[in-house]
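Every value quoted in this text rests on a predicted model; they were computed, and no experiment measured them.
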Amino acid sequence: MPDMKLESAPKTMDAARKPNPGAKPPLDARLTEQRNPRSLRIDQMSALEIVDLINAEDRLVAAAVSDERERIARAIDLVVESFRKGGRLIYVGAGTSGRLGVLDASEMPPTYRTEPDLVQGVMAGGYEALLRAQEGAEDIPEDGAQAMDDRSIDGRDFVLGIAASGTTPFVHGALQRARERGARTGFLLCTYPTEEQLRANDVVIAPLVGPEVITGSTRMKAGTATKLVLNTISTGAMVRTGKVYGNLMVDLQVTCQKLQDRGERILIETLGVSRDEATRLLDASGGHVKTAIVMSRLGLDAEAARKRLERADGSIASLIGK
């Protein structure tokens, strides 16, 4: 095959995200459904040219997410407000969007020692849809509404709908019912939000990554943007609720050899103790790093350290400083 000339990268972010203004009107106005002019000949490219093209497009994602920084920060504040009221963070989505929500939620208990129901991922089609596409599951708004009823959503909760195209009926049904039940809501999408979406939700996050390399394949740039946003929201909320000390994952619970080693290293670094003392402290704390730090710094036993942490809303910094 003769060498193909790679389409040049766009000079501005707007050029990357928006259809060519000189082109005929698209059949579908959603940005996620537009054809990417830079990949029109991808089926004739070599493997290396395909890699270079996809990599060039992926470099647009972080900038698009950065443009939504204020909305993402607003979402973090809403999640923290919910947690402090005894509420939950609920992600709702279908397909790739739903799977990314479930993934982010499932990583909270082992990473930050949260209760399993504090952050939840709701997937159109249920568990089976995580492994194999459930055609049509996303098209029933009543199922989304029922999912909110099943979880007894109320005014303490924050529900974030995730739909790259912004149109998934299951997600819209869930958000409408969540609002009816008094919850705060947000929407994460990768196309231009409608006035109704902006008006109905407490926050709308719309990283405009532009048309996909393969038209409509939102598991690519849109999926990457979604993963970045969800990582930022959940991590920011965990930091703001005392799950992190400095930049250390101190609320982890030792459940395996890898986490035992990590916990010991955190204690060695923060307390300046030996490996043997770190092991002893972890054993005495029941395998909870945060408790072990407070025990050592304040000269308390495990029960007293836990009570002090509870009164400080879990914040080590408020008890012993940095």
Side-chain angles (χ1 to χ4, degrees), residues 73 75-91 101-121 151-158 230-322:
I76 291 173
D77 287 340
L78 287 167
V79 174
V80 171
E81 288 176 18
S82 286
F83 287 171
R84 288 177 174 162
K85 292 186 295 186
R88 301 160 292 177
L89 167 59
I90 311 292
Y91 296 131
V102 171
L103 173 63
D104 196 72
S106 68
E107 290 173 340
M108 293 302 102
T111 307
Y112 295 109
R113 196 172 170 261
T114 65
E115 292 298 324
D117 65 347
L118 183 69
V119 183
Q120 300 180 34
R151 287 159 180 79
S152 301
I153 297 299
D154 62 29
R156 298 170 297 174
D157 299 316
F158 176 65
L230 297 185
N231 276 354
T232 304
I233 292 172
S234 58
T235 301
M238 294 299 135
V239 172
R240 298 279 291 167
T241 52
K243 298 287 187 179
V244 174
Y245 181 52
N247 64 352
L248 296 172
M249 195 188 300
V250 293
D251 218 351
L252 70 83
Q253 181 74 38
V254 171
T255 57
C256 63
Q257 191 170 11
K258 178 187 75 173
L259 294 179
Q260 175 77 27
D261 175 66
R262 180 180 295 163
E264 289 175 1
R265 286 186 285 108
I266 289 173
L267 294 179
I268 291 168
E269 183 168 346
T270 57
L271 301 174
V273 298
S274 67
R275 174 72 74 162
D276 287 345
E277 176 63 7
T279 302
R280 187 195 70 77
L281 280 168
L282 268 183
D283 289 343
S285 69
H288 186 210
V289 174
K290 184 188 286 189
T291 299
I293 292 173
V294 175
M295 288 169 60
S296 178
R297 287 289 183 88
L298 300 184
L300 303 172
D301 62 21
E303 183 178 358
R306 282 192 286 268
K307 289 180 178 178
R308 290 290 293 273
L309 279 167
E310 287 175 8
R311 291 198 294 269
D313 292 327
S315 172
I316 295 179
S318 67
L319 287 177
I320 61 178
K322 290 294 184 182

S315 side-chain N/O to A312 backbone N/O, donor-acceptor pair under 3.5 Å: no

Taking K290 for the side chain and G314 for the main chain, is one N or O donor matched with an acceptor at less than 3.5 Å? yes

Flag, side chain of T270 to backbone of I266, donor-acceptor distance under 3.5 Å: yes

Which heavy atom in V80 sits nearest to a heavy atom in A237, and how many Å separate them? CG2-CA, 3.9 Å

For K243 and T114, what are the C-alpha separation, side-chain angles and deciding distance, and is it a side chain to side chain contact (heavy atoms under 4.5 Å, CB included)? CA-CA 9 Å; K243 298 287 187 179; T114 65; 4.2 Å; yes

Would you say L300 and R308 make side-chain contact, with heavy atoms under 4.5 Å? yes

Qualifying residues under side chain to side chain contact (heavy atoms under 4.5 Å, CB included), relative to S234, sequence neighbours excluded: Y91, D104, M108

Under the side chain to side chain contact (heavy atoms under 4.5 Å, CB included) criterion, do V289 and L267 qualify, and how do the steps go? CA-CA 7 Å; V289 174; L267 294 179; 4.1 Å; yes

Should the pair K307-E303 be classified as a salt bridge under the 4.0 Å nitrogen-to-oxygen rule? yes

One should read off an interatomic distance between R297 CZ and I293 CD1, to the nearest 0.5 angstrom, of 7.5 Å

Close side-chain approach of Q260 to T279, heavy-atom, < 4.5 Å: yes

Should the pair R280-D276 be classified as a salt bridge under the 4.0 Å nitrogen-to-oxygen rule? no

Do the side chain of D157 and the main chain of R88 share a donor and acceptor less than 3.5 angstrom apart? yes

Could you check L252 against R113 for side chain to side chain contact (heavy atoms under 4.5 Å, CB included), going step by step and ending with a plain yes or no? CA-CA 5 Å; L252 70 83; R113 196 172 170 261; over 6 Å; no

Could you tell me the separation between the CG atom of L281 and the CD atom of E277, rounded to the nearest 0.5 Å? 4.5 Å

Over 12 foreign heavy atoms within 6.0 Å of CZ, R306: yes

Within a strict 4.5 Å, meaning less than it, do heavy atoms of the Q120 and L89 side chains meet? no

Give a yes or no on whether E269 atom CD has more than 12 heavy-atom contacts from other residues, nucleotides or ligands under 6.0 Å away. no

Please confirm whether the backbone N or O of L282 pairs with a side-chain atom of S285, one donor and one acceptor, at under 3.5 Å? yes

Show your working on salt bridge (Lys or Arg N to Asp or Glu O under 4.0 Å) between K85 and D154 and close with a plain yes or no. CA-CA 11 Å; K85 292 186 295 186; D154 62 29; over 6 Å; no

For A278 against E264, the heavy-atom pair lying closest together: CB-O, 3.7 Å

When rounded to the nearest 0.5 Å, the distance separating OG1 of T235 from CD of E107 is 9.0 Å

Could you state the interatomic distance from CG (D117) to CZ (R151), rounded to the nearest 0.5 Å? 11.0 Å

What's the separation between atom CD1 in I316 and atom OH in Y245, rounded to the nearest 0.5 Å? 6.5 Å

Any side-chain to backbone donor/acceptor pair from T291 onto A302? Under 3.5 Å, distance only. no

Let me see the working for M238 and D251 under side chain to side chain contact (heavy atoms under 4.5 Å, CB included), right down to the final yes or no. CA-CA 10 Å; M238 294 299 135; D251 218 351; over 6 Å; no

Between atom CZ of F158 and atom CD1 of I76, what is the distance when rounded to the nearest 0.5 Å? 10.5 Å

Looking at side-chain heavy atoms only, is the closest gap between T241 and Y112 below 4.5 Å? no

